[in-house]
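Here's the structure, in structure tokens; my notes come after.
Numbers restart at 1 for each chain; the letters A, B, ... are given by sequence-line order, proteins then strands.
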Number of protein chains: 2
Amino acid sequence: MRKRSVTINEVAREAGVSISTVSRAMNGTAFVAEDKRRAVEAALERLGFQPNHLARTLTSGRSMSVGVLAEDIVSPYYADVIRGIEHALLDTAYQPVFNSGHWTRAYERRAIDTLISRRVDALVLLGSTLSDAELREVAEQVPLFVFGRLVPGLEDHCLALDQFRGAYGATRHLIERGHRDIVHIRGPEAQQDAEDRLRGYQAALRDNGVTPDPRLLVTGDFLEQTAYQATTRLIEGLVPFTAIFAGNDQMAVGARLALYRKGLRVPDDVSLVGFDDLPGTAFTSPPLTTVQQPTYAIGQALAAHVLSRLEGVASPLPQFELRVIVRDSTARVLRGFPGVAAR
Amino acid sequence: MRKRSVTINEVAREAGVSISTVSRAMNGTAFVAEDKRRAVEAALERLGFQPNHLARTLTSGRSMSVGVLAEDIVSPYYADVIRGIEHALLDTAYQPVFNSGHWTRAYERRAIDTLISRRVDALVLLGSTLSDAELREVAEQVPLFVFGRLVPGLEDHCLALDQFRGAYGATRHLIERGHRDIVHIRGPEAQQDAEDRLRGYQAALRDNGVTPDPRLLVTGDFLEQTAYQATTRLIEGLVPFTAIFAGNDQMAVGARLALYRKGLRVPDDVSLVGFDDLPGTAFTSPPLTTVQQPTYAIGQALAAHVLSRLEGVASPLPQFELRVIVRDSTARVLRGFPGVAAR
DNA sequence: CTGTTAGCGCCTTCAA
DNA sequence: TTGAAGGCGCTAACAG
């Protein structure tokens, strides 16, 4: 099945030159006489030569590839970051190599090790479950860049967004529209982002004279199902509310379905805000107000930054801001129809 | 930044043995005296040795990796296939390496070439824009497996689903519920899947005595936006309809938003069917009736098949069926309220 | 400009 | 059981 692939030696013989000449002609490393160059090219063509990348890397020390390790390569949250990276690298000499860490230390460690042992020229982490110290250790073996964490000692290579402010803005948006009884469906306890968003929510409430009501705080796992269940329970409960701030878009979708099933309209009865602005969120019915993480731009910037570091230029990583995108899922509280609060 | 990594030579020196002994002790390739083995292990540990995978592959010829090239690695359609592959490979000695072809010949060719030149032990294509002949050529260089295409000559390594039958079933589902004026939003002309689904739709209509109405056929690009626009135009047009069969879930979501904006209820006024059953589709409001592609299982099966071929065992690829998943977006046509048809 | 010659880090005979 | 030595395929000095 696998044809033994042709090597540079055979090309050299075919072209009647030495292997170094072939190498030079191929890579433009040095000038080669016109006729020999043509002979080499012809031989290359005739034999269908494809250089063995491994061998090349072994000698040159550069693999022309950048490893990208995401917590989960297929999560919609990382989708646009990955897309941004892909596009930024598309017409460069570097190839991205993607892999998942599956939110699991052991798998992440292993993935990092294989990536390093495959000699990627740089490593980009989209989220990480490793400790700061471990990451610093990794950074000694390979140029490391991380998104979603601010690793002390590696600040120049880290890009994190202010989740607190994003959540603060989202909550304030609801407060400005008259909401005071605002549910928050938070993400998993263990995750820093979930924690930051919760604090942003609480701070916004307090800054506006609202005491956070623990009965309006429920926990999900960043997926639709748990939010659906939590919201259903909330609706069936006794505590009135007029708005829901979900810890991410997927949970907002789950909440929205629960509302729908209970005959509650969005935004007429309950306003709903998500977080992330995933691809597709603009097309929910109604389109969801959410906090946009500029993930595509981040992916691009990250890749561009990696490239420039690889070329020896030290460009600083740009700053990115979270933005509340107001769409149709949030409305002013109608005094006459306070929705759930009035039942 | 990059510490020169320790090589097998240093380990050998440290352990006071030859490099061959280190190699053997590490890989269990041959018996090594107990004391030397321990010395090697200690040295390995002390130096934090990590074998250079490239060098290893160069000599052994096996990279212990399988390349996975998807048209688009971040498309939700491939998400579950990829997830299935990842999970199936997770605790094996093989590592998947993912990459995108971007629906573009040139990029796909290049990605395939780099994957081959990195000596992946097998190559899995999730969709492909290359010709059958080109794929056969690739198959001569590396064990090739493809999902979504039936390549003549490579049938044993191909896995494709019967899109025609899926679309047929979806359309019949609507017909059985009394619908006759059924819109179809087809995917791009160039794509075989879109073509097959269209034919399934038309066949189901004809088999049930309905002549396909060209005015009810519109074209999208498998994304939300175009379906949204097409549906809006349709609603504003003069041709009555009671149901929409979208070429995929994303277009169904677009259509659903258009209906929502026009005040049309799903399924009360218009029934809606999608295709794919993407992750998340079960949580749209209302949950979408759709045709399920068992993508996760396919990913797993594909990976398992690749593994067994790599081990020299010839297991046949299992067959998979498309299934109509009936959820809440489709209902019987109410004679009294034929929805749009009655305006 | 071009050919020869060392390696790159590892595995694997081949002798011992 | 172990070490020496020869590649794997390619790049990069080093002489011409």
Inset, instruction - Starting at atom CD of B/Q50, determine the distance to atom C1' of C/dG9, rounded to an integer number of angstrom. - result: 14 Å
Inset, instruction - Please list, chain by chain and in numerical order, all residues satisfying salt bridge (charged side-chain N to carboxylate O under 4.0 Å, His left out) with A/R13, sequence neighbours excluded. - result: none
Inset, instruction - Specify whether A/Y107 and A/H102 have parallel, tilted or perpendicular ring planes, treating 30° as the upper limit for parallel and 60° as the lower limit for perpendicular. - result: perpendicular
Inset, instruction - Could you list the residues that satisfy side chain to side chain contact (heavy atoms under 4.5 Å, CB included) with A/E41, not counting sequence neighbours? - result: A/R37
Legend entry - Atom-pair distance (CZ on B/F49; C1' on C/dG9), nearest Å: 8 Å
Inset, instruction - Name all residues meeting the side chain to side chain contact (heavy atoms under 4.5 Å, CB included) criterion together with B/A30; count only those two or more places apart in sequence or in a different chain, and write none if there are none. - result: B/R24
Inset, instruction - Go through the side-chain N and O atoms of A/R119 and A/S60 and say whether any donor and acceptor fall under 3.5 Å apart. - result: no
Legend entry - Neighbours of DNA chain D within residues 32-45 of chain B, by heavy-atom distance under 4.0 Å: B/V32, B/A33, B/K36
Inset, instruction - Do nucleotides 11-16 of chain C as a string where each nucleotide becomes B, S or -: B if the base has a protein heavy atom under 4.0 Å, S if just the sugar-phosphate does, - if no protein is that close. - result: BBB---
Legend entry - Nearest-nucleotide comparison on DNA chain D, the residue closer to the 5′ end among B/L58 and B/A30: B/A30
Inset, instruction - Would you tell me whether B/S117 and B/T114 have side-chain atoms, one donor and one acceptor, within less than 3.5 Å of each other? - result: no
Determine all donor-acceptor pairs shorter than 3.5 Å in which one atom belongs to a side chain in residues 122-134 of chain A; sequence neighbours excluded.
| unit_1 | atom_1 | unit_2 | atom_2 | d |
| --- | --- | --- | --- | --- |
| A/S128 | OG | A/E108 | OE2 | 2.6 |
| A/S128 | OG | A/L130 | N | 3.1 |
| A/T129 | OG1 | A/E108 | OE1 | 2.6 |
| A/S131 | OG | A/E134 | N | 3.1 |
| A/S131 | OG | A/E134 | OE1 | 3.2 |
| A/D132 | OD1 | A/R149 | NH2 | 2.9 |
| A/E134 | OE1 | A/R105 | NH1 | 2.8 |
| A/E134 | OE1 | A/S131 | N | 2.9 |
| A/E134 | OE2 | A/R105 | NH1 | 3.2 |
| A/E134 | OE2 | A/R105 | NH2 | 2.8 |

Name each donor-acceptor pair under 3.5 Å that joins a side chain in residues 296-305 of chain A to protein atoms two or more places apart or in another chain, with its distance.
| unit_1 | atom_1 | unit_2 | atom_2 | d |
| --- | --- | --- | --- | --- |
| A/Y296 | OH | A/H87 | ND1 | 2.9 |
| A/H305 | NE2 | A/S315 | O | 2.8 |

Legend entry - Nucleotide interval of DNA chain D bounded by contacts with chain A (heavy-atom cut-off, under 4.0 Å): D/dG9 to D/dA13
Inset, instruction - Would you work out how much the helix from C/dC1-D/dG16 to C/dA16-D/dT1 bends between its ends, with each end axis defined by five base pairs, to 10 degrees? - result: 40°
Legend entry - Residues A/R38, A/E34: salt bridge by 4.0 Å N-O rule: yes
Legend entry - Partners meeting side chain to side chain contact (heavy atoms under 4.5 Å, CB included) with B/L150 (sequence neighbours left out): B/C158, B/A160
Legend entry - Side-chain donor or acceptor of B/Q141 paired with backbone N/O of B/A139 under 3.5 Å: no
Legend entry - salt bridge (charged side-chain N to carboxylate O under 4.0 Å, His left out) contacts in which one or both residues fall within residues 60-85 of chain A, not counting sequence neighbours: A/D72-B/R83, A/D80-A/R83, A/R83-B/D72
Anything under 3.5 Å between a donor and an acceptor, one on a side chain of residues 48-57 of chain B, the other on a protein residue two or more places apart or in another chain? List them.
| unit_1 | atom_1 | unit_2 | atom_2 | d |
| --- | --- | --- | --- | --- |
| B/N52 | OD1 | B/L54 | N | 2.8 |
| B/N52 | OD1 | B/A55 | N | 3.2 |
| B/H53 | ND1 | B/T57 | OG1 | 3.4 |
| B/H53 | NE2 | B/S63 | O | 3.4 |
| B/R56 | NH2 | B/N27 | OD1 | 3.3 |
| B/T57 | OG1 | B/H53 | O | 2.9 |

